[in-house]
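Data first, discussion second: the structure below is written as structure tokens.
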Amino acid sequence: MQKVVDYLSVSDAPGKTWVQSFLETEDLVPVPPEQRTWGRWNYISFWITTSYQINTWMIVSSMIQLGMSWWQAWICVTLGYGLSTPFLVLNSRPGCVYHVTFPVVARTSFGIWGSLWVTLNRGAMACIWYGVQAANGGTCVLVMLRAMWPSINDLPNHLPASAGITTRDFLCFFLFSLISLPFIWFPVHTIRHFFTLKSILTPIAGVIYFAWCISKAKGLGPIVRQPATIDGSQLAWAMLTSIRSCMSDQSTLIVNGPDFASRATYPSAVALPQLFAVPIGYGLVSFFGIIVSSSSQVIYGEAIWSPIVLLGRFLDGEPSSATRFGVWFIAVAFIIAQIGVNISANSVSAGCDLTSLFPRFINIRRGGYIAAIVGFCMCPWKLLSSSNKFTTYLSAYSVFLSSVAGVMVTEYWLIRRGHYRVADLYSTRKDGWYWYACGFNPRAYAAYFSGILINVVGLIGAVGRPVPVAATRIYEISYFTGFGVAAVVYWTLNLVLPPVGKSRRFEEVDLSEFSEAAENRDGEDEHPGEGDENEKEESMEGSKRHEIVLISDV
């Protein structure tokens with residue numbers, strides 16, 4: 001058995017204790033300089049490609065069905081993703097400055113051991129969402145195969161009704177899952193080339209699809225001329241709900257922002273590209289979805305909001321060779337888009353999270369494959385078909401993630417104000433900054449549960465239970481209330497019970513090798529690095545030396 005355990009173990013430096021091997025592995029220590037390869041254009045292409053997915057094309061459909069006009073729905077999408085971007089930038093900052101991933105950043109606020117619950121939650125959601133996105137990808141494979149071999153659409157079904165899926169659809173889901181596996185193999189610092197390719201191919205396909213639908217409809221269609229059917233306070237709350245839905249869709253990416261930010265060549269490569277690329281990318285793709293669906297009402301007499309379903313309709317009857325090739329090309333672009341989304345939002349996130357939970361046996365690559373296996377075995381098509389509220393449950397999970405983000409952002413920007421002790425992130429020393437109470441930070445968990453409680457009644461109402469109107473209104477802006485309450489409670493508790501290392505001055509510096517006198521001053525809520533310049537320079541040099549030691553240890 002020992003040989004089996006050794007074979008399954010992730011390679012690590014010999015001589016470490018169990019605790020050391022748990023806290024400090026190759027995928028948990030600061031990213032070495034040679035792997036910090038993501039520049040500003042990599043982040044721009046990353047977000048452009050992430051926005052190009054099936055869900056983004058369809059996101060305005062629910063808003064228009066609420067009674068909004070197309071331009072009101074489009075404003076909600078642009079505002080929703082635009083408002084989520086500052087939260088993403090704020091939470092990504094520790095990753096791009098200190099080059100550590102989300103599970104390690106979570107240790108600064110929730111504690112060395114307390115962070116495990118947070119990463120477990122995020123990792124589990126990544127596995128579930130991987131399966132859901134893979135199911136969507138299977139529909140893209142079906143359209144691609146129909147364009148090549150139309151007879152695939154008539155493949156006999158050999159599965160029982162209890163399976164919840166036909167042989168044809170299962171084959172397409174299996175093929176998409178199989179195609180995705182090689183992309184999980186590549187390390188995070190090299191997968192940027194895939195996103196660059198995707199950022200070139202998918203917009204071309206999107207523009208072609210956009211123009212093709214307008215040409216077939218001989219205009220923009222009736223949806224763009226359809227007025228809103230609600231107004232006043234009803235319209236205002238519908239818009240707030242829609243904005244919250246967009247922010248909920250981004251909540252997972254906000255929390256694990258440090259995962260990709262840790263690969264940045266320099267900190268400024270992360271902030272501005274994300275601030276502009278996220279709202280522009282999602283706004284443009286959702287605009288394409290509006291026009292394409294509007295044209296479908298002219299072509300087929302009904303608004304078809306799914307771009308893949310509409311694309312499949314183009315193959316009905318006797319399509320020409322040119323039509324089949326055009327459908328094939330656009331379907332391939334959507335397949336690439338879904339693979340990219342699963343990598344950016346799910347496989348890498350699951351890999352980072354599971355690494356921190358089972359570091360001896362799992363690294364980022366293995367964690368990504370675990371997410372793929374779980375996503376396949378959970379039969380996502382059955383979940384989606386058996387409950388039309390499944391996506392409501394998944395979106396409601398943002399209530400929990402908004403509280404996590406509120407605590408993490410407040411910790412970095414308002415409590416310790418950029419000051420880090422990287423050494424203490426990998427240590428169980430009782431006098432370490434992040435040990436708190438036996439490795440758990442009670443302040444963080446008090447704030448975390450406060451952010452959940454403010455929305456929990458409205459969350460119950462979202463899944464079908466009768467609740468007061470006030471609770472529903474609070475839930476309709478749940479990301480703001482969850483984030484805000486958690487942030488205020490955490491800041492207040494740290495004001496009353498200041499932790500070791502609390503600072504009044506913002507300065508992004510690693511104090512791992514700072515002098516004992518400076519350590520005492522931090523504990524008294526003084527200004528680290530406020531003395532003479534020589535002492536400050538020694539602190540910075542100590543930071544660099546410690547980072548090299550951590551990497552060489554692994």
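Computed from a predicted model, the values in this text were never measured in an experiment. In this chain, residues are counted from 1 in sequence order.
- Donor-acceptor pairing under 3.5 Å is lacking for the side chains of Thr119 and Asp353.
- Under the 6.0 Å cut-off for aromatic ring centres, Trp38 and Phe260 qualify, their centroids lying closer than that.
- Within the 4.5 Å cutoff, no side-chain heavy atoms of Pro30 are placed close to those of Tyr98.
- The two residues Arg244 and Glu476 come nearest to each other via the heavy atoms CB-O, 3.1 Å.
- Taken to the nearest 0.5 Å, the CG atom of Leu284 stands 9.5 Å off from the OG1 atom of Thr78.
- When only modelled atom types and interatomic distance are considered, Asp510 and Ser512 share a side-chain donor-acceptor pair under 3.5 Å.
- Side-chain atoms of Val118 and Phe102, non-hydrogen and from C-beta on, do get closer than 4.5 Å to each other.
- Listed here is the closest heavy atom pair of Thr101 and Ser262: CG2-OG, 3.8 Å.
- Counted within 6.0 Å of CZ on Phe506, heavy atoms from surrounding residues, nucleotides or ligands total more than 12; the atom is thus considered enclosed.
- For Trp71, the side chain to side chain contact (heavy atoms under 4.5 Å, CB included) criterion is met by Ser69, Ile75, not counting sequence neighbours.
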Handout entry: Residues Ile415, Trp491; criterion side-chain contact (heavy atoms from CB on, under 4.5 Å); working and verdict
Key = CA-CA 7 Å; Ile415 306 304; Trp491 178 79; 4.1 Å; yes

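- Panel note: side chain Tyr490, backbone Tyr445; no donor-acceptor pair is recorded below 3.5 Å.
- Under the 3.5 Å distance criterion, the side-chain polar atoms of Thr108 are left unmatched by any main-chain donor or acceptor of Val104.
- Checking Trp47 against Gln274 by side-chain atom types alone, a donor-acceptor pair falls below 3.5 Å.
- Side chains of Asn441 and Tyr448: a donor-acceptor N/O pair is absent below 3.5 angstrom, by distance only.
- Salt bridge present: Arg93 and Glu508 bring a charged side-chain N and a carboxylate O closer than 4.0 Å.
- Few gaps surround OH on Tyr369; more than 12 heavy atoms of other groups in view lie less than 6.0 Å from it.
- When the shell of 6.0 Å around CH2 of Trp113 is examined, it contains more than 12 heavy atoms from other residues, nucleotides or ligands.
- A cation-pi arrangement is not found for Arg429 relative to Trp435, the charged atom failing to lie both closer than 6.0 Å to the ring centre and inside a 45° cone about the ring normal.
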Problem - Verdict with reasoning, Phe440 to Phe110, per ring-ring contact (aromatic ring centres under 6.0 Å, His included) - result: CA-CA 6 Å; Phe440 293 81; Phe110 288 89; over 10 Å; no

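- Looking at Thr85, its side chain does come within 3.5 Å of a backbone N or O of Tyr81 through a donor-acceptor pair.
- Put simply, the side chain of Arg443 never gets that close to the backbone of Val489: no donor and acceptor are under 3.5 Å apart.
- Contact check for Met63 versus Met68: side-chain heavy atoms found under the 4.5 Å cut-off.
- The pair Arg416-Glu411 counts as a salt bridge, with a side-chain nitrogen and a carboxylate oxygen less than 4.0 angstrom apart.
- Residues Phe87 and Tyr479 bring their aromatic ring centres within 6.0 Å.
- Judged as a side-chain hydrogen bond (donor to acceptor under 3.5 Å, both in side chains), and not counting sequence neighbours, Tyr52 has no contacts.
- Not counting sequence neighbours, the partners of Ser268 by the side chain to side chain contact (heavy atoms under 4.5 Å, CB included) test are Tyr266.
- For the residue pair Ser398 and Ser251, no side-chain donor N or O sits within less than 3.5 Å of a side-chain acceptor on the partner.
- Atoms OG and CZ, from Ser402 and Phe483 in turn, are 9.0 Å apart once rounded to the nearest 0.5 Å.
- If you take CD1 on Ile184 and OG on Ser347, they are separated by 5.0 Å, rounding to the nearest 0.5 Å.
- Checked by atom type, the side-chain pair Ser349/Arg122 shows a donor-acceptor distance below 3.5 Å.
- The environment of Arg366 atom CZ is dense: over 12 non-hydrogen atoms of other residues, nucleotides or ligands sit within 6.0 angstrom.
- Counted by atom type alone, Thr355 and Asn363 present zero donor-acceptor pairs between their side chains at under 3.5 Å.
- Note: Met378 CE to Tyr130 OH = 12.5 Å, rounded to the nearest 0.5 Å.
- Rounding to the nearest 0.5 Å gives a distance of 12.0 Å between CD1 of Ile59 and CD1 of Ile64.
- Looking only at distances, a side-chain donor or acceptor of Arg417 sits under 3.5 Å from a matching main-chain atom of Ser503.
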Practice task
Could you walk me through whether Arg36 and Arg263 pass the side-chain contact (heavy atoms from CB on, under 4.5 Å) test, one step at a time?
Solution key: CA-CA 4 Å; Arg36 301 171 192 170; Arg263 269 66 184 178; 5.8 Å; no

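- At least one donor-acceptor pair under 3.5 Å links the side chain of Trp74 to the backbone N or O of Gly283.
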Practice task
Assess whether side-chain contact (heavy atoms from CB on, under 4.5 Å) is satisfied between Thr481 and Ser478, documenting all intermediate values.
Solution key: CA-CA 5 Å; Thr481 53; Ser478 59; 4.3 Å; yes

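- Side chains of Tyr412 and Asn91: a donor-acceptor N/O pair is absent below 3.5 angstrom, by distance only.
- Taking 4.5 Å as the limit, every side-chain heavy atom of Ser427 sits out of range of all side-chain heavy atoms of Leu23.
- No donor-acceptor pair closer than 3.5 Å links the side chain of Ser286 to the backbone N or O of Val77.
- Under the 3.5 Å distance criterion, the side-chain polar atoms of Arg107 are matched with a main-chain donor or acceptor of Leu425.
- In this structure the side chain of Asn494 never reaches within 4.5 angstrom of the side chain of Pro498, judged on heavy atoms.
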